[in-house]
Amino acid sequence: KIEYGPEAVDEFANFDAVNIPQDHPARDMQDTFFINEKLLLRTQTSPGQIRVMENRKPPIKVLVPGRVFRSDDDATHSAMFHQMEGLVVDKGLTVCDLYGVLDKLAKELFGESRKTRLRPNFFPFTEPSVELDVSCAMCGGEGCKLCKGTGWIEVLGGGMVHPKVLKNGGVDPEIYSGIAFGVGMDRIAMLKYGIPNIKLLFENDARLLEQFK
């Protein structure tokens, strides 16, 4: 199912519920848009995970797309951009299930010939946490300027849902496990179509849009 949530949420939903610690820099005003002492503009679609788990019993399989907001501004970052969260909660899920989902997603987006790999990382809301890399389309994995000589391009992050996050959503982590991922849709569009600046996506210039089918 596809779920949508509010863009204005409280600090608990945006940070505490998804295991982001009190001293995390993302909570600072220079990173997050606070509306008042109680509300802020969500910095990620992860609050949607908690809403879904609170209102449904497993098994759960949802996508949560939407606009998110961060105080960020350069060629690859915008103060408003689009994310999509994926969440599956069921008995017996493993990292193998996660990789199967992410590999299929990447090949649907970038083509069946693209290779994928998981790379260890850290996110507060997943444990273990991974990033998904896709082989560079420009050089075929040989190494070039686009992929900074590595042959790979990082496209999204994910992992096994942290037991604390399952508990915060009212799910027993002793019985159920979860897989989750978050993908920046604007970043995917930039990688897929070679768009050099994220702001081009929001300028409403029909000449840019007419290039794509």
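If you read the sequence from its start, that first residue is 1, and numbering goes on from there. Keep in mind that what you see is a predicted model, and the values were worked out from it rather than measured.
Proximity of a side-chain donor or acceptor of E142 to a complementary backbone N or O of C144 within less than 3.5 Å is not detected. With hydrogens and angles disregarded, no donor-acceptor distance shorter than 3.5 Å links the side chain of N19 to the backbone of V165. Judged by distance alone, with hydrogens and angles left aside, the side-chain atoms of S71 form no donor-acceptor pair with the main-chain N or O of D31 at under 3.5 Å. Between the side chain of R119 and the backbone N or O of E131 there is no donor-acceptor pair closer than 3.5 Å. In this structure, S129 contributes its side chain and F122 its backbone to no donor-acceptor pair below 3.5 Å.
T45 places a side-chain heavy atom less than 4.5 Å from the side chain of V68. Contact check for F15 versus T43: side-chain heavy atoms found under the 4.5 Å cut-off. You'll find the side chain of F110 reaches within 4.5 Å of the side chain of I188, heavy atoms only. Contact check for M190 versus I198: side-chain heavy atoms found under the 4.5 Å cut-off. In this structure the side chain of Y99 never reaches within 4.5 angstrom of the side chain of D97, judged on heavy atoms. Counting only heavy atoms from C-beta outward, the side chains of T126 and H162 never approach each other to under 4.5 Å. Looking at R187 and I153, their side chains come closer than 4.5 Å, going by heavy atoms from C-beta outward. Residues L200 and D205 fail the side-chain proximity criterion, which asks for heavy atoms closer than 4.5 Å.
Here the shortest heavy-atom pairing between C147 and G151 reads SG-N, 3.1 Å. Annotation for A189 and I195: closest pair O-CD1, 4.0 Å, computed over non-hydrogen atoms. Across all their heavy atoms, F202 and F81 have their closest contact at CZ-CA, 4.4 Å. In plain terms, the two heavy atoms of M160 and L93 that are nearest each other are CE-O, 3.4 Å. The heavy-atom pair separating E7 from F69 by the smallest distance is OE1-CZ, 3.7 Å. For V95 against L118, the heavy-atom pair with the smallest separation is CG1-CD1, 4.1 Å.
Remark: T32 OG1 to Q44 CD distance equals 9.0 Å, nearest 0.5 Å. Remark: L209 CG to L201 CG distance equals 8.5 Å, nearest 0.5 Å. Rounding to the nearest 0.5 angstrom, the gap separating the CD1 atom in I50 from the CG atom in N168 is 5.5 Å. Rounding to the nearest 0.5 Å places CG of L41 at 9.0 Å from CZ of R67. Separation of atoms CD (E154) and CG (N121) is listed at 8.0 Å; rounding is to 0.5 Å. To the nearest 0.5 Å, atom CG of residue D103 and atom SG of residue C96 are 12.0 Å apart.
Remark: D172 engages no residue in a salt bridge (Lys or Arg N to Asp or Glu O under 4.0 Å) (not counting sequence neighbours).
With hydrogens and angles left out, the side-chain atoms of Q49 and E85 include a donor and acceptor closer than 3.5 Å. One side chain, Q22 or D16, offers a donor N or O that lies under 3.5 Å from an acceptor on the other.
Both I175 and V161 sit in one connected hydrophobic cluster of ILVMFWY residues. Membership requires side-chain heavy atoms under 4.5 Å apart, directly or through other members. Placement of V52 and V18 within a single hydrophobic cluster is found when ILVMFWY residues are connected by side-chain heavy-atom separations under 4.5 Å, directly or transitively. One hydrophobic cluster holds both L132 and L191 under the rule that ILVMFWY side chains link at heavy-atom gaps under 4.5 Å. A continuous path of Ile, Leu, Val, Met, Phe, Trp and Tyr side chains, each step under 4.5 Å between heavy atoms, connects M80 with L208, placing both in one hydrophobic cluster. Taking hydrophobic clusters as Ile, Leu, Val, Met, Phe, Trp and Tyr residues chained together by side-chain heavy-atom distances below 4.5 Å, L156 shares a cluster with V130.
Remark: D10 does not engage K38 in a salt bridge, criterion side-chain N to carboxylate O under 4.0 Å. Salt bridge present: D73 and K199 bring a charged side-chain N and a carboxylate O closer than 4.0 Å. The existence of a salt bridge linking E112 and K107 is excluded, since no basic side-chain nitrogen approaches an acidic carboxylate oxygen closer than 4.0 Å.
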Can you list, pair by pair, the side-chain donor-acceptor contacts under 3.5 Å of residues 53-66, counting residues two or more places apart and other chains?
{"residue": "N55", "atom": "ND2", "partner": "R51", "partner atom": "O", "Å": "2.7"}
{"residue": "R56", "atom": "NH2", "partner": "E3", "partner atom": "OE2", "Å": "2.1"}

Working for side chain to side chain contact (heavy atoms under 4.5 Å, CB included), residues T116 and V134: CA-CA 5 Å; T116 62; V134 174; 4.2 Å; yes
Would you check, one step at a time, whether the test side chain to side chain contact (heavy atoms under 4.5 Å, CB included) holds for V155 with D133? CA-CA 6 Å; V155 293; D133 294 337; over 6 Å; no
Please test F125 against I20 for side chain to side chain contact (heavy atoms under 4.5 Å, CB included), starting from the C-alpha separation and ending with a verdict. CA-CA 7 Å; F125 27 81; I20 296 176; 4.3 Å; yes
Would F181 and V183 count as a side chain to side chain contact (heavy atoms under 4.5 Å, CB included) here? Give the steps. CA-CA 7 Å; F181 65 89; V183 53; 4.2 Å; yes
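Within 6.0 Å of the CD atom in Q211, the count of heavy atoms belonging to other residues, nucleotides or ligands exceeds 12.
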